[in-house]
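To keep things clear, I will list the structure first and then write my remarks on it.
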Amino acid sequence: MRYTDIEGKVEVWSRSIQPHDVWFIKGGFRFEVFFNRYYQPIRKGGVVLVKFVADIAKKAELCPIGVVNWRNVNKQVQADIVELIRKYADNGREARAMLSHLHTNGSTSFANSRDEFEMEHGREPGGYEFFDRTHKTKDGVYPEITNTQELNDMVKSKIVASVASSSSSKPRIEKPIGYGFGVKRSDVIGVHALLRKKGIASEMNNDNNDLKVKFARHKKETANLIMRLSSS
């Protein structure tokens, strides 16, 4: 991971770094964090950033909570919280038990897996390629729990559903599968996604912002002119 020191010199940080280490680094140091086209932090800098942000939430002086002692929380609120935790835990266990193809990505995010594939091959991974990368073991085989026939059936059903939805008014799923948090369907499929890949989207956004500023200025000048004419 590269960083810039207080003198502006770019160096490579080869040592391990934990979130709490960032708090004690001398002022002026800047770590390099890369983001993919979906604005997800990636690579080593991205991992440090995500963990550091999570570390901020654990500091009471920065993210204070109203009640410090659990015993002082309203009894009914306590009961509701415990019931909610149990409910989510049960739902999680049931959902995991129903899975027939668990990913083997470990702590590596899907965003980082995509970035690694693009660096190796110079292009985005296809659906099957990415599934293989995130669901096969290091030996290149699927875990025993993986039902490959169910996977094929799932892919076929999604293709059929996609074709059917293009000619119907049924609502489509907004969150695409295999891209991680923060990515919407429009970021992956459609005109917006194509413009983003070609690097045109940011230029269009800048042009639109300029037009909005000019329009607001013109609107204000027109209103002032109308006021002067009406008062004369």
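Side chains included, hydrogens not; waters and symmetry mates left out as well; all remaining heavy atoms used.
A 4.5 Å side-chain heavy-atom check between Glu118 and Arg37 finds at least one atom pair inside the cut-off. Residues Phe130 and Phe117 fail the side-chain proximity criterion, which asks for heavy atoms closer than 4.5 Å. Here the side chains of Phe110 and Thr134 are in contact, with some heavy-atom distance below 4.5 Å. At least one side-chain heavy atom of Phe35 sits less than 4.5 Å from a side-chain heavy atom of Leu49. Inter-residue side-chain proximity for Val48 and Met1 is flagged as met; some heavy-atom pair is nearer than 4.5 Å.
Under the salt bridge (Lys or Arg N to Asp or Glu O under 4.0 Å) criterion, Arg123 pairs with Glu129, sequence neighbours left out. Among residues two or more places apart in sequence or in another chain, the side-chain hydrogen bond (donor to acceptor under 3.5 Å, both in side chains) test is passed with Glu116 by none. Listed by chain and number, the residues in a side-chain hydrogen bond (donor to acceptor under 3.5 Å, both in side chains) with Asp21 amount to none (sequence neighbours excluded). Partners of Glu120 by salt bridge (Lys or Arg N to Asp or Glu O under 4.0 Å), not counting sequence neighbours, listed by chain and number: Arg133. The salt bridge (Lys or Arg N to Asp or Glu O under 4.0 Å) check on Lys58 picks up nothing, with sequence neighbours excluded. Residues forming a side-chain hydrogen bond (donor to acceptor under 3.5 Å, both in side chains) with Ser113 (at least two apart in sequence, or on another chain): Asn105. Checked against salt bridge (Lys or Arg N to Asp or Glu O under 4.0 Å), Arg30 has no partners two or more places apart in sequence or in another chain. Legend: residues meeting ring-ring contact (aromatic ring centres under 6.0 Å, His included) with Phe29, ordered by chain and number and at least two apart, are Tyr3.
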What pairs of donor and acceptor atoms, side-chain ones from residues 59-75 against any protein atom, are under 3.5 angstrom apart with sequence neighbours left out?
{"unit_1": "Asn69", "atom_1": "OD1", "unit_2": "Arg71", "atom_2": "N", "d": "2.9"}
{"unit_1": "Asn74", "atom_1": "OD1", "unit_2": "Gln76", "atom_2": "N", "d": "2.8"}
{"unit_1": "Asn74", "atom_1": "OD1", "unit_2": "Val77", "atom_2": "N", "d": "3.3"}

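Annotation: salt bridge (charged side-chain N to carboxylate O under 4.0 Å, His left out) contacts involving residues 41-57, sequence neighbours excluded, comprise Arg43-Asp115. Residue pairs meeting the salt bridge (charged side-chain N to carboxylate O under 4.0 Å, His left out) criterion with at least one partner in residues 1-19, sequence neighbours excluded, are Arg2-Glu32, Lys9-Glu11.
To the nearest 0.5 angstrom, Ile17 atom CD1 is 3.5 Å from Phe31 atom CZ. With rounding to the nearest 0.5 angstrom, the NZ atom of Lys87 is 11.5 Å from the CG atom of Asp80.
Clustering of Ile, Leu, Val, Met, Phe, Trp and Tyr by side-chain heavy atoms under 4.5 Å joins Ile42 with Phe34.
Closest approach of Pro41 and Gly46 over heavy atoms only: CB-CA, 3.7 Å. Between Ala111 and Gln40, the shortest heavy-atom contact is CB-OE1, 3.5 Å.
Linking Ile, Leu, Val, Met, Phe, Trp and Tyr whenever their side-chain heavy atoms come within less than 4.5 Å leaves Val10 and Ile6 in two separate clusters. Hydrophobic clustering (ILVMFWY, side-chain heavy atoms < 4.5 Å, transitive): Ile56 and Val22 are in one cluster. Met119 and Val33 fall into different hydrophobic clusters, where Ile, Leu, Val, Met, Phe, Trp and Tyr residues are linked whenever their side-chain heavy atoms come under 4.5 Å apart, directly or through other members.
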